[in-house]
Structures are given as C-alpha cells and as structure tokens.
Enquirer: 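Here's a structure for you.
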Amino acid sequence: MTKARSNLQIDSTRLWGDIHDTAKFGATPKGGVRRLTLGAEDRQVRDWFRNACEKAGCEVRIDALGTMFALRPGRDMSKPPIGIGSHLDTQPTGGKYDGVLGTLAALEVVRALNDAGIETELPVCVCNWTNEEGSRFAPAMMASAAYAGEYTTEDILGRKDADGVTVAEALDTIGYRGADAVGQQRFSAFVELHIEQGPLLEAEHKTIGVVDRGQGIIWYNGTVAGFAAHAGTTPMPLRRDALAALAEVVLAVEKLARDHGPHAVGTVGEVRIDNASRNVIPGDIAFTAEFRSPDSATLDALHDGLQRAAAEIAARRKVAVAIEKIWRKEPTVFDKALVDAVETAAREMGYSHRRITSGAGHDACNLASVVPAAMIFVPCKDGVSHNELEDATQADCTAGANVLLHTVLALAGVASKTSG
Ligand code: HGY
Ligand code: MN
Ligand code: MN
C-alpha cells in the first residue's frame, strides 16, 4: 500500500452525524432504537439509506428479500465487487450501533473514496442485509443465510411473525420486495465492521478486533404442556405446573452452558404463558432457547444434554416438554488472507488491535460460506449490546471505519487517484 493512501481517512463528523441522525427512526425514550425488520421504522431508514447511497453515486438494487446493494463502479466492472456493510434492523430494545455502524461506515467509505477522487480497480458494493436480528422473523441473519443457499427464497418469504404476518407481506407493505433474485449480486470478498458486543476490547484497551472466528449457534422453539388448575384448591403434590417445569429447564440450560464453559453460552430469551392468570396454575407455555460455542462438538454436547434434561424433568413432573431445533449455524472460520488484510490495515494506521472470536452471529458469518469474508470489531461501552444502553465512542467508530476503508483499498486496488 503506497504511503499516500495510508493517510486517507474517513470523515468522522459525517459518519457520527449519520449514526445519530438515523437513530431517530425508531428512537426510544431511553435513548435506544426499536426498528424491527420490515416495519415502518425500517422503511424510513431504508429510504434514508437509499437516498444517501444514490447521492454518493451508487446504483441501488434490491433483491427478493429486501436486501439492499449499493454499487460504486470500479475500473474493471467485469469483476465482482468488494462487498461491505451490515444491517439496519434492531432488537426491540436495541441500540444505535449494532449493525448500523457497519452499514453507515460502508457508505462513508464510498464517500471518502469519492472525496479523494479514487477509482478502485474492483467495484465496491455497500449492503444492508434484511433481518439480521431474527427478533421478528426467525432465523437471525435470515437474508444472508438465504444468500448463502441455506434457505430457499420461498421458504423465507413464508416465515411468519408472532402476529402471523409473513415476510412477503411485510416486504410488500414497506415496498422493499425487490426484483433481483437472492444471490444474484456476486462478491469477490465481503468485510463487515461491527461493534464487539462483548467486553474484551474495552477491557484490554484495544481499538480494533481482527475477527478470525465466529461462534456456532443453535436455536430452539419449545413447549411445556402441564395442566391448568385452580391455584387455591389444587394440592402441591397433584400439580402439573408448566411454569415450574420450565423453570427447571431454564436452569438446565444455564447449568449446561456453565459446565461446558468458558466457551459456551445458553439463554432462554422468550416465554409465553397461554391464557395466563394469577390464580391459575400455568398449563401451556411456549419458549425459545439457544446455545452458542466456537466448537461444534460442544454444541452437540449441549444439544444432547438439553434433550436429556428435558426428558427427565418431564417424566418427574408429569408434563410434556418438547424442544425443537429450528436453526443451527456451524462455527465460522474467516478467510486468512482477508483477516491478514484487516490486521495489516489496523497496524499500518497505528491502531492497537488483537485477534478475536465473534460471540454474536453476523451476516459476514453466512457470507463466509460462499465468498472470502472477514470482520472488524470496535469496542462498545461495558461490552453491552441488545440493550438501550448500547454505546460507543466517535473515535473508535472512526477507527473501525478507517480500517474498513484501508482494507477495501487493499482488496479492491486503486486504479487512479484524481484529487486530495
Ligand atoms: O443473535 C445474534 O448474534 C445477532 O445479534 N443477530
Ligand atoms: Mn448485528
Ligand atoms: Mn444484534
């Protein structure tokens, strides 16, 4: 990389302004963002994003699952572009940075190239992947999983949210069901910037995480069928209490993760008691559970352990416990050459950095199964994410965007430079 290029920087004020401007789409009173995929707020931010990309000279295309691709031409348009970007949907009580930083930093990279008058050899494509969070529609990283061939477009279009609305209906409601086939947009490589969503970089005072691996994930939908009865007249030994049984399942998930630690985590995130009433013993419950680990064999052990624990609890408490695996994502190993390119960019720009495994799932983890992919992390405050308190500094967000810029320059190559 020539010395001249290593001084190139993104416009920190512009990026920081975009992050805070777009946070108004779904802003919550506590300073977070509620922008569930394919809802009204997602439409607002998508419209904003499309306009900004077009103003930056990109051609914006949309695929059948609503993923947005903003293409900046390169000198050699016969070659697939370098893909950069992330997602703009959030959790119900999400923050300003999860996904947003990576998507808006990718747009900022394009603007910085424009300002510097740089024509890259390969085109560059900024992406906004539909439904990374998986909160409204399962699974998470849904559109990039379909892009990677893990699901058909028809399967995903038929997925329903808790109100029975399908992905297809939601896309049509906001006008983002695109004409392009899923997978039509090809890439030479894909790089995603994201906040770490964990405590390591901040604890070690490192600015950049060079992500070389990602945890594997298993998601479950579960039910517990007990027997609804009068809370006052039913003696304790005769009860078939679905919630008490679920409580033991929750503790089993926690114990299994702890027993397989430190590289295993387990969570029961959603619980719905049918016809809940304070003076009725819960009869029927639906819940979700998940395990994560960077090691596939550990995922197998966690899965088997949960099935055994559920069967024992069910037999002892005379309830029915059903736990269905609805999604499994194997651990990710990112592309060595790309990981090295990220590390070189961080080092050449003088940012402190370390290799790191991603605890969270990301679209880049799906892309990694079909194209060379890598990720760049920056710290977030106290490692907190999926919480309205999520926070990051302008300096760290700028550093991450600069590393993304220089990784793109290394991968896309510079055909010509006209100013700056
Ligand atoms: O679940 C995840 O890891 C991501 O935030 N969707
Ligand atoms: Mn994310
Ligand atoms: Mn997330």
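Numbering of ligands and ligand atoms starts at 1, following listing order. Values below: all heavy atoms of this structure, side chains included; hydrogens, waters and symmetry mates excluded. Predicted model, so just to flag it, every value in this text is computed and none were measured.
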Enquirer: Of all N/O/S atoms in Asp98, which lies nearest to the Mn ion (ligand 2)?
Expert: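 It is OD1, the N, O or S atom of Asp98 closest to the Mn ion (ligand 2).
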Enquirer: Is the Mn ion (ligand 2) less than 2.8 Å from an N/O/S atom of His362, whether that atom is in the backbone or a side chain?
Expert: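 For His362, the answer is no, given that no N, O or S atom comes within less than 2.8 Å of the Mn ion (ligand 2).
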Enquirer: Does the side chain of Arg46 come under 3.5 Å of the side chain of Thr130 through a donor N or O and an acceptor N or O?
Expert: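 Checked: Arg46/Thr130 side chains pair up, N/O donor to acceptor below 3.5 Å.
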Enquirer: How are the rings of Trp129 and Phe69 set to each other: parallel, tilted or perpendicular (split at 30° and 60°)?
Expert: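 Because their plane-to-plane angle is over 60°, the rings of Trp129 and Phe69 count as perpendicular.
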Enquirer: So which heavy atom on Ala392 is nearest to which on Trp16, and how close?
Expert: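 For Ala392 and Trp16, the tightest heavy-atom pair comes out as O-CH2, 3.4 Å.
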Enquirer: NE2 (His194) to the Mn ion (ligand 2) to NE2 (His87): angle, nearest 10 degrees?
Expert: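 Rounding to the nearest 10 degrees gives 110°.
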Enquirer: Among Glu290, Arg292, Glu132, which residue places a heavy atom closest to atom 1 (O) of ligand 1?
Expert: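 Ranked by closest heavy atom to atom 1 (O) of ligand 1, first place is Arg292.
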Enquirer: Regarding Arg308 and Asp304, does a basic nitrogen lie under 4.0 Å from an acidic carboxylate oxygen?
Expert: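 No salt bridge links Arg308 with Asp304.
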Enquirer: I'd like to know if Arg75 pairs up with Glu121 as an ion pair, taking the criterion as any Lys NZ or Arg NE/NH1/NH2 lying under 4.0 Å from an Asp or Glu carboxylate oxygen.
Expert: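 Glu121 and Arg75: salt-bridged.
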Enquirer: Relative to the Mn ion (ligand 3), which of the N, O or S atoms in His386 is the closest?
Expert: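 Of all N, O or S atoms in His386, the Mn ion (ligand 3) lies closest to NE2.
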Enquirer: If I compare all heavy atoms of Ser385 with all of Gln197, which pair ends up nearest, and what's the gap?
Expert: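 Scanning both residues, the minimum pair turns out to be OG-NE2, 2.9 Å.
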Enquirer: Could you tell me whether the Mn ion (ligand 3) has an N, O or S atom of Glu132 under 2.8 Å away?
Expert: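 Glu132 does not place any N, O or S atom closer than 2.8 Å to the Mn ion (ligand 3).
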Enquirer: Have a look at Cys58 and tell me which of Asn114, Val124, Leu71, Val110 forms a side-chain contact (heavy atoms from CB on, under 4.5 Å) with it.
Expert: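 In the set Asn114, Val124, Leu71, Val110, the residue that makes a side-chain contact (heavy atoms from CB on, under 4.5 Å) with Cys58 is Val110.
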Enquirer: With respect to Gly361, determine whether any N or O atom, backbone or side chain, lies less than 3.5 Å from an N or O atom of ligand 1.
Expert: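 Yes, Gly361 has an N/O under 3.5 Å of an N/O on ligand 1.
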Enquirer: Need the ligand 1 atom indices (1-based, order shown) with element for anything under 4.0 Å from a heavy-atom of Ala360.
Expert: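 Per the distance check, 3 (O).
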Enquirer: His386 heavy atoms, cut-off 4.0 Å: which ligand 1 atoms fall inside?
Expert: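 Counting atoms of ligand 1 from 1, those under 4.0 Å from His386 are 5 (O).
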